[in-house]
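Convention: sequence-line order gives letters A, B, ...; per-chain numbering from 1.
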Amino acid sequence: MKHLISQLNRAQQQAATAQLGKILVLAGAGSGKTRVLVHRIAWLINEMCVRPSSIFVVTFTNRAANEMRSRLKEMLKQNLSDMWIGTFHGLSHKLLRLHWQACDLPQDFQIIDFEDQLKMLCCLFRKLGIDEEHYKPRQAQQFINGNKDEGIRAVQLALAKTAFESVMIKVYQHYEQMCNGSGLVDFAELLLGSYELLSQKLDLLEYYREKFAHFLVDEFQDTNIIQYKWLKLLSANARSVTIVGDDDQSIYGWRGARVENIYNFKSEFGKTQVIRLEQNYRSTETILSAANAVIRNNNGRLGKTLWTHTGYGEPIQIYGALNEEDEALFLVHQVMQHRENGVELEDIAVLYRSNAQSRVLEEALLRSGISYSIYGGVRFFERAEIKDILAYLRLSVNTSDDVAFERVINTPPRGVGEKSFQKIRDLSQTLGVSLWDAAHHLLEGRNLSCRACDGVRHFILIIEGLTEKTKGSSLVSLVRDGVQKSGLLAFFQEQKGEKGRSRVENLEELVNATKDFKIDLVDLEYASDILPVTAFLSYSTLHSGGRSLNCTTNGIQLMTIHAAKGLEFPLVFICGAEEGLFPHYLSKEDPLAIEEERRLCYVAITRAMRQLCITYAQERRIFGREEIRQVSRFVLEIPDTLIEEDHRKIRVSMNLPKRMSKSETYKLTDVGDNNKEGALLGRQISHKRFGTGIIVAQEGSGVQARIHVYFDEVGQKCLFMKYVHLETI
DNA sequence: ACCACCTGTTATTAT
DNA sequence: AACAGGTGGT
């Protein structure tokens, strides 16, 4: 152990070996916080004789939890299955599974994702006859989740002051009933439910307080109100609480996260030892200075400045592309060049603000033959065909699951159309029973058309067949059965083209995935009587993040900045650094939101170890229309001295993207002949206000004629020929 | 009931 | 540019 500890720096050692009690570790990006946490746990076990079963570790992502567990296993070489380690949601889920009876939940309750939740709310809006012009289901979703994140139930809400509020409260109430009736639990409910469980069943609370004496929490700046209360409740008698966080990396305010939690920790938890980790081991000085320069523009920080002695390294490269296709082309170009210089593709990451940006980049990469993998986006378990088959499985364990019923009663089409389904819905409402039961009643009542009757009957048989299999057979054979008997496989096989093929492939991939699925993946090994399907279904929604199931991590990696948090790469590209995109236009009104965007930028920059390249497009297609864009303010906050100045070489040598060259009004030819269009390209010119520059593009004709000029001093500008007086040099 | 086609609408970020 | 929802023909 001494040997292990000696590998840490002073501050890290201090944190890892601190005396029991409350410890707040302010850990800057790349300062080795995971390392500290792992060593701290190892220290507790080895030096303080703490039993693993009394340790409780909370992280934010499954990835972080897995990494920590495997690092610990390697370091300690002992069985750690008694230690509770997981995400807030994962651990809450575990509590609910273990104590489902005390929570008044059905044993096979299922977790619903965002999409399911929204569908339920849409359904509810129709049922309650709410005017969808004025009130949107999306707003209700926000309202409900927002309140749940703060630990507030519908009944606890203050009386409505506005019409809007009263509608929302009504929806919230009905939504709760609907979830209870169907045995469904949403993400926020996992936390709220387990919080209420602990605060209401005092014997359980006592038990867990006794059991867990040591708490460790990662990414504390991202906790929301209910997570904070949950933690506080559980750790009231703890002998040690170690929290790690960085207020500069708080990027989940929109999900209810409160940075204040980290500011108030000292006063709330009592005597606290604060340790700062400010030495960065990840990035070059250049990258770090850029990050520091950007984040300095935020107010109310706890304040810390990262330093390193790894040398300056490469300057930060900035590329202002003509449009998003040019940006993608540039990326391809750069990646190829780096590959020639011996950089592994795995060491390259491409980060962007929103998922929609990935498409153009993907297309360019695909054309160039550079392999890549994408993290996030439309994730595997969120694909329509996968959710369809999961809906069959959900019904097979719980026929009250109305969302699942609604999803697949007529997928694939089996003659139960809108009319018939409405009958089922009506009956379910008048009798106050599930859609499934209503369908049963309706069959007896002979109120359906022949075709619909056959369809419903067939559907019921499929589900009942699957239910039989949930007990005896293996998970694989159940899923394989579901894929076939549901008719989904055949349905997709008949679909022509790329779409149908990929859907069939995905179904096959799902079957394969179930082969090596183990219950302990869900961390539920204690809930021994849980059905394998239920465990699998829970896993599928809780771990929906992450790459598609086949873990091909070769090639460059594409992901949103949010998804990149906690990761590091030798070479990082940040794409779409434009006003309106990053910072996002929905954030620009609110100064606090802008600060969060800036923190996001800080996170993005600090992912890079050796080299950073930032790109933006001067024109981008938004809603199909081309819009002129401006470079992100965050880029302007980076000092010039850190930035590579000579962009011209790249710019002029680049081919123009196909969208441009196809267009009639935008022809480009060799430089040299003044009579041809595009002849001015590459010419050096001087402008009385902007100074000297180089012409990089030319478009339009007559009065519309304009040129794009890259000026040495002020960057790229678009100028109308008829207004400017230029001099060629 | 289902399919093909048309039209208006529209988007952060994600456990 | 993509997508949900509506329309009209089979």
J.: Which residue, E418(A) or E596(A), contacts DNA chain B at a nucleotide closer to its 5' end, judged by nearest heavy atom?
T.: E418(A)

J.: Could you state the CZ-C1' distance from F60(A) to dT15(B), rounded to the nearest angstrom?
T.: 8 Å

J.: With a 4.0 Å cut-off on heavy atoms, is R414(A) in touch with a base, just the backbone sugar-phosphate, or nothing at all?
T.: sugar-phosphate

J.: Out of the candidates Y352(A), Y616(A), F634(A), only one should pair with F582(A) under the ring pair (Phe, Tyr, Trp, His ring centres under 6.0 Å) rule; please name it.
T.: F634(A)

J.: Could you state the atom-to-atom distance from CD1 of I112(A) to C1' of dT15(B) in whole Å?
T.: 14 Å

J.: Please indicate whether Q142(A) has more than 12 foreign heavy atoms, meaning atoms of other residues, nucleotides or ligands, lying under 6.0 Å from its CD.
T.: no

J.: Base, sugar-phosphate alone, or nothing: which one does F114(A) contact when heavy atoms must sit under 4.0 Å apart?
T.: base

J.: Hey, what are the protein-to-nucleotides 8-12 of chain B N/O distances that come in under 3.5 Å?
T.:
| residue | atom | partner | partner atom | Å |
| --- | --- | --- | --- | --- |
| dT12(B) | O4' | H584(A) | NE2 | 3.2 |
| dT12(B) | O2 | R353(A) | NH1 | 2.6 |
| dT12(B) | O2 | R353(A) | NH2 | 2.0 |

J.: Any side-chain donor-acceptor pair under 3.5 Å between Q141(A) and Q117(A)?
T.: yes

J.: Atom CD of Q117(A) and atom P of dT15(B): how far apart are they, to the nearest Å?
T.: 15 Å

J.: Would you please indicate if the ring centroids of F381(A) and H543(A) are separated by under 6.0 Å?
T.: no

J.: Going 5' to 3' along DNA chain C, between which two nucleotides do contacts with chain A fall, using a heavy-atom cut-off of 4.0 Å?
T.: dA1(C) to dA2(C)

J.: When you measure from the centre of the six-membered ring of Y252(A), is the NZ or CZ of R255(A) under 6.0 Å away and within 45° of the axis?
T.: yes

J.: List for me each residue that meets ring pair (Phe, Tyr, Trp, His ring centres under 6.0 Å) alongside H584(A), sequence neighbours excluded, and say none if there are none.
T.: none

J.: Using atom OH of Y252(A) as one end and atom C1' of dT15(B) as the other, report the distance to the nearest whole Å.
T.: 8 Å

J.: In whole Å, measure the gap between the C1' atoms of dA11(B) and dG6(C) for me.
T.: 22 Å

J.: Hey, which sits more toward the 5' end of DNA chain B by its nearest nucleotide, T560(A) or S420(A)?
T.: S420(A)

J.: Is the Y175(A) to F125(A) ring centre distance short of 6.0 Å?
T.: no

J.: At their closest point, which heavy atom of Y392(A) faces which heavy atom of T411(A), and how far apart are they?
T.: OH-O, 2.6 Å

J.: Give the rounded distance in Å between these two atoms: CG of L190(A) and P of dA14(B).
T.: 19 Å

J.: Measure from the ring center of F517(A) to the ring center of Y539(A) and say whether it is less than 6.0 Å.
T.: yes

J.: For L567(A) and dA14(B), what is the distance between atoms CG and P respectively, to the nearest whole Å?
T.: 13 Å

J.: Between W230(A) and Y228(A), does the ring centroid distance fall short of 6.0 Å?
T.: no

J.: Between atom CD1 in I594(A) and atom C1' in dT13(B), what is the gap in whole Å?
T.: 14 Å

J.: Please report the distance, rounded to the nearest Å, between OH in Y375(A) and C1' in dA14(B).
T.: 11 Å

J.: Is there aromatic stacking of F187(A) against dT15(B), centre distance under 5.5 Å, plane angle under 30°?
T.: yes

J.: dT15(B) phosphate, OP1 or OP2: any side-chain N/O from N224(A) under 4.0 angstrom?
T.: no

